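Following: one structure in structure tokens, then a few remarks.
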Amino acid sequence: SDVYKRQVDVLVALNREGVDRHLAELAPDGAIIFDPDTTAVTADEITAAGHQDVQLCPVPLAGLATADGGPKIMANTVAIAIRLRSPRLR
């Protein structure tokens, strides 16, 4: 029997592969932070995957990372800052 099951409260999806790979691990009432300029995520697909009450958080991660000359790879750091500054995220 599987005694331990890993669940993710907040999924930071930097690309479509991240959504596809980790969506099954998303906890009930979880949240997905994603960049709508690079990754499409819809409420319909999340519901179709069996998840209810998922909070979708579209944020232009790459745009914010590069706005003042930073490298695009800093998008993950922007996502962490969004999470830390957004107490309403589950």
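Keep in mind it's a predicted model, so treat the numbers as computed, not measured. Numbering of residues begins at 1 and proceeds along the displayed sequence.
- Of the possible polar contacts, one joining the Glu45 side chain to the Thr42 backbone as a donor-acceptor pair under 3.5 Å is found.
- Residue Leu56 is grouped with residue Val19 when hydrophobic side chains (ILVMFWY) are merged at heavy-atom distances under 4.5 angstrom, including chains of intermediate members.
- Judged by distance alone, with hydrogens and angles left aside, the side-chain atoms of Asp35 form a donor-acceptor pair with the main-chain N or O of Leu61 at under 3.5 Å.
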Evaluate the criterion side chain to side chain contact (heavy atoms under 4.5 Å, CB included) for residue pair Asn76 and Val12; output intermediate values, then yes/no.
CA-CA 8 Å; Asn76 59 348; Val12 175; 5.6 Å; no
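- The two residues Ala31 and Cys57 come nearest to each other via the heavy atoms CB-SG, 4.5 Å.
- Gln55 contributes atom CD, which lies 13.0 Å from atom CG of Leu11 (distance to the nearest 0.5 angstrom).
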One pair to check against side chain to side chain contact (heavy atoms under 4.5 Å, CB included): Gln7 and Leu26. What are the steps and the verdict?
CA-CA 6 Å; Gln7 290 190 319; Leu26 190 62; over 6 Å; no
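- The number of heavy-atom neighbours closer than 6.0 Å to CZ of Arg16, taken from other residues, nucleotides and ligands shown, is above 12.
- His22 places no side-chain N or O within donor-acceptor distance of the main-chain N or O of Ala13, the cut-off being under 3.5 Å.
- Between Phe34 and Pro58 there is a side-chain heavy-atom pair separated by less than 4.5 Å.
- The same ILVMFWY cluster, assembled from side-chain heavy atoms under 4.5 Å apart, contains both Leu64 and Leu14.
- Remark: Ile73 CD1 is loosely packed, at most 12 non-hydrogen atoms of other residues, nucleotides or ligands lying under 6.0 Å away.
- Each of Val8, Thr39, Ile46 was checked for a side chain to side chain contact (heavy atoms under 4.5 Å, CB included) with Ile32, and the lone residue meeting it is Ile46.
- Scanning all heavy atoms of the two residues, the minimum distance from Ala27 to Asp9 falls at CB-OD1, 3.6 Å.
- The two residues Val10 and Arg83 have their closest heavy-atom pair at CG2-NE, 3.4 Å.
- Rounding to the nearest 0.5 angstrom, the gap separating the CD1 atom in Ile82 from the CD1 atom in Ile80 is 11.0 Å.
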